[in-house]
There are 4 protein chains.
Amino acid sequence: MSSSTPAPRRGNTRQRIQDVALELFAEQGYEKTSLREIAERLEVTKAALYYHFKTKEDILISLAEDLTRPLDELLEWGATQPRTLETKQEIMRRYGDALAGAAPLFRFMQENQATVRELRFGKDMKERMMAMVELVKEPEAELADQVRAVAALFSMHAGMFLLQNLDGSAEEKRAAVLEVALDLITQANSSKS
Amino acid sequence: MSSSTPAPRRGNTRQRIQDVALELFAEQGYEKTSLREIAERLEVTKAALYYHFKTKEDILISLAEDLTRPLDELLEWGATQPRTLETKQEIMRRYGDALAGAAPLFRFMQENQATVRELRFGKDMKERMMAMVELVKEPEAELADQVRAVAALFSMHAGMFLLQNLDGSAEEKRAAVLEVALDLITQANSSKS
Amino acid sequence: MSSSTPAPRRGNTRQRIQDVALELFAEQGYEKTSLREIAERLEVTKAALYYHFKTKEDILISLAEDLTRPLDELLEWGATQPRTLETKQEIMRRYGDALAGAAPLFRFMQENQATVRELRFGKDMKERMMAMVELVKEPEAELADQVRAVAALFSMHAGMFLLQNLDGSAEEKRAAVLEVALDLITQANSSKS
Amino acid sequence: MSSSTPAPRRGNTRQRIQDVALELFAEQGYEKTSLREIAERLEVTKAALYYHFKTKEDILISLAEDLTRPLDELLEWGATQPRTLETKQEIMRRYGDALAGAAPLFRFMQENQATVRELRFGKDMKERMMAMVELVKEPEAELADQVRAVAALFSMHAGMFLLQNLDGSAEEKRAAVLEVALDLITQANSSKS
DNA sequence: AATGAATGAGTTTTCATTCAT
DNA sequence: TATGAATGAAAACTCATTCAT
């Protein structure tokens with residue numbers, strides 16, 4: 001009603017909870033992070049968290065949705081495109097963007113699979129990955145090419161945490177990762193089966 | 001067949017604890033698995049666990065060591081070999097064997113990274129991976145080729161859990177994964193830098 | 001009389017915990033008293049104790065502070081007074097009052113020295129006693145007179161628990177103890193060194 | 001049968017247990033000292049302790065007896081002597097010797113009263129002290145003189161732990177303590193009632 | 001004279017969650 | 001939009017003790 005950027009400490013608590021929770025979950029894992037810790041860091045009481053989220057798991061789910069949404073959008077978009085090599089490459093590019101845009105979240109999901117798996121969309125997670133693979137491989141690809149498609153996707157994940165230790169600028173690295181991934185996709189799609 | 005007494009309870013309890021623990025940790029994650037659960041499944045008391053392991057974490061560590069050992073042996077072996085393409089390929093092959101030999105353990109480590117990271121050899125885990133990368137890439141490889149080396153290794157991990165859903169026999173799949181990995185290594189080492 | 005609900009459970013829980021804890025600690029010792037016991041006697045859950053005190057030790061510390069405070073006040077007061085015999089006698093009198101005012105606490109501290117010693121102010125306890133001794137003896141007193149000062153203080157402690165068995169009214173006994181203590185102080189300060 | 005000093009590591013385990021136990025009990029208190037700790041320091045197993053003592057408490061009792069014995073002997077001896085001032089002074093001297101001879105034990109008993117009290121001879125402990133008081137005071141002494149007798153005894157205890165911080169050689173200090181104690185006894189016995 | 005393996009009962013502590021205000 | 005006070009359930013861990021060998 002008044003200004004477009006609302007008062008800094010008003011109504012944004014829900015968001016702040018998510019931010020802090022993600023930070024702590026990512027740092028120490030979901031189970032090792034207690035609501036007390038989150039509340040303390042926010043300087044509110046635990047009970048306040050319950051005003052905004054029904055359970056601890058709900059916080060996690062709300063976070064996970066932020067991650068799944070762009071992924072699902074990408075899957076939807078991909079489904080409507082022609083199954084050309086160009087489309088596949090574009091999908092990989094967009095996948096890379098999605099990853100980069102939600103890096104900590106992605107990292108967290110990867111490092112807490114055991115937890116996330118139970119989360120009623122953990123199965124989904126795997127299914128989503130399989131759906132991605134479907135989108136970027138040839139329908140009747142032979143095994144090795146399927147593996148290449150999988151490898152392309154996972155290389156991008158791996159890029160997120162192992163490549164930190166390599167030298168080169170972040171952009172250079174992203175570019176290199178993408179290059180390799182696109183390469184793999186190209187190979188996977190060029191067999192004369 | 002021979003004895004009739006309920007359970008011989010020989011000197012194998014320590015081993016049995018490790019087995020059950022691995023099974024449960026892998027299934028539900030480390031933090032969600034309580035010592036009570038482990039003890040119950042073994043039909044001993046919690047206190048018995050503490051006779052064999054000083055803490056819960058100690059159980060995990062003892063398991064992790066079973067995983068790290070073959071990896072370290074491979075790293076040592078690799079360090080003594082000539083840095084030829086053949087060696088690198090052999091390293092990948094052996095890496096695949098190590099992975100297959102300790103599959104549940106590996107899977108567990110991957111799905112519980114957040115937990116394992118704290119474990120004083122979590123850092124090491126990353127370092128070990130970096131050391132592996134060093135072994136299979138060219139000393140002065142350009143970024144894309146470094147990424148290829150990383151991708152080769154991670155593809156093998158990915159193989160362990162995403163490929164379950166693909167069809168084909170286990171051996172076929174292992175072979176396909178290896179093929180792609182070797183391919184990547186070969187490419188990574190064939191740049192005319 | 002007024003309300004009919006089981007227990008008003010107002011904002012006095014913290015205080016009630018301290019009361020019950022002191023009672024039980026004094027009766028059975030700190031280590032032998034479990035939080036379960038305290039909680040049961042208060043008809044709250046163990047967790048409620050943890051709402052008010054971060055650890056069991058914290059309860060003990062909070063109690064100990066109630067004892068140390070008057071003592072420290074006395075030490076401060078003593079430090080500002082002229083070092084006359086009258087002052088010293090007044091210090092002893094006040095010391096006696098402090099003792100009487102916190103008798104169960106004092107008794108507890110005395111009977112649980114082994115525990116209290118670790119408590120980061122256990123050393124302090126001894127130091128405090130030494131500071132008291134400093135206040136009531138001559139600066140350059142010879143050994144025997146120093147001992148007399150010590151004896152004066154300790155007689156007052158002894159008075160608290162051994163004299164229970166003697167006959168005579170409580171006041172008579174307190175008076176007798178004080179008489180002896182003042183006597184000792186007087187002697188300790190009358191040597192023509 | 002063979003030599004008078006038996007083989008150093010033969011049959012003396014019981015004694016060694018007592019030594020270590022006393023040391024640890026004195027340092028950390030009885031309850032805080034676990035049998036595991038004692039066993040570890042002796043480099044035997046917990047079960048070995050049970051070969052020599054039926055329970056943990058038994059170890060404590062065996063220690064306590066070492067303390068009570070000289071005290072009881074002194075009480076007996078005192079009972080057979082004429083009730084003169086000289087006797088009383090001699091009792092104090094002997095009491096001082098007993099204290100010095102079993103210093104750590106005495107210290108321990110003092111710092112763990114809460115525990116020792118339950119020990120079926122804890123009551124006894126107090127009774128013993130009262131018996132000592134009886135021996136060194138006049139039968140019909142007035143209250144102040146009774147207090148003086150008590151103070152004399154307790155000064156000797158106090159001497160054991162507070163005087164550590166005073167300077168002067170150990171002998172000098174013992175002598176000073178004894179002087180004060182004898183003084184108090186003399187005063188206590190010189191009233192013209 | 002001692003050990004290896006285990007137990008039962010307990011301990012302190014932590015956590016997610018609730019609810020009246 | 002929150003808080004203060006509490007709970008129930010469970011966790012990890014410890015301890016004294018036992019007993020077959």
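Chain letters run A, B, ... following the sequence lines, proteins first and then strands; every chain starts at 1. Just so we're clear, the structure is a prediction, and the values are computed from it rather than from any experiment.
Stem analysis of DNA chain F (Watson-Crick or G-U pairs, both distances under 3.5 Å, runs of at least three) returns E:2-21 with F:2-21.
Remark: A/E23 pairs with A/R41 by the side-chain hydrogen bond (donor to acceptor under 3.5 Å, both in side chains) rule, at least two apart or across chains. A search for side-chain contact (heavy atoms from CB on, under 4.5 Å) contacts involving D/K54 returns D/D58, not counting sequence neighbours.
Straight-line distance from the CZ atom of C/R14 to the C1' atom of F/dA6: 16 Å, rounded to whole Å. Nucleotide E/dA2 holds its P atom 13 Å from the CD atom of D/E43, rounded to whole Å. As a whole-Å value, the separation of A/N12 CG from F/dA2 P is 9 Å. Look at NZ on A/K46: it is 14 Å from C1' on E/dC19, rounded to the nearest Å. For C/Y50 and F/dA9, the OH to P distance is 19 Å, given to the nearest whole Å. Taking atom OH of A/Y51 as the reference point, atom C1' of E/dA20 lies 16 Å away to the nearest angstrom.
At least one donor-acceptor pair closer than 3.5 Å links the side chain of A/Q113 to the backbone N or O of A/Q110. Between the side chain of A/R117 and the main chain of A/N112, no donor-acceptor pair closer than 3.5 Å is present. Of the possible polar contacts, none joining the B/R14 side chain to the B/F53 backbone as a donor-acceptor pair under 3.5 Å is found.
With distances taken from any side-chain atom of B/H52 to the nucleotides E/dT18, E/dA5, F/dA2, the minimum falls on E/dA5.
Of all the residues in residues 53-63 of chain C, not one reaches under 4.0 Å from DNA chain F with any non-hydrogen atom. Residues of residues 34-42 of chain D that place a heavy atom closer than 4.0 Å to DNA chain F, in numerical order, are D/S34, D/L35, D/R36. Within residues 22-33 of chain C, the residues that place at least one heavy atom under 4.0 Å from DNA chain E are, in residue-number order, C/T33.
Between A/A48 and D/A47, it is A/A48 whose nearest contact on DNA chain F lies nearer the 5' terminus.
A 4.5 Å side-chain heavy-atom check between C/V44 and C/I38 finds every atom pair outside the cut-off. B/L49 places a side-chain heavy atom less than 4.5 Å from the side chain of B/L42.
What you find for D/K32 and D/E37 is that their closest heavy atoms are O-OE1, 3.7 Å. When all heavy atoms of A/L24 and A/T33 are compared, the closest pair comes out as O-OG1, 3.3 Å. Nearest heavy-atom pair across B/L105 and B/L63 is CD2-O, 3.4 Å.
A sub-4.0 Å separation between OP1 or OP2 of F/dA6 and a side-chain N or O of C/T13 is present.
Relative to the six-membered ring of C/Y30, C/K56 meets both conditions, a distance below 6.0 Å and an angle of at most 45° to the axis.
Using a 4.0 Å cut-off between a side-chain N of Lys or Arg and a carboxylate O of Asp or Glu, C/E40 and C/R36 qualify as a salt bridge. Salt bridge present: B/E111 and B/R107 bring a charged side-chain N and a carboxylate O closer than 4.0 Å.
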Worksheet item: Stepwise, does the side-chain contact (heavy atoms from CB on, under 4.5 Å) test hold for A/T45 with A/Y51?
Response: CA-CA 10 Å; A/T45 57; A/Y51 180 80; over 6 Å; no
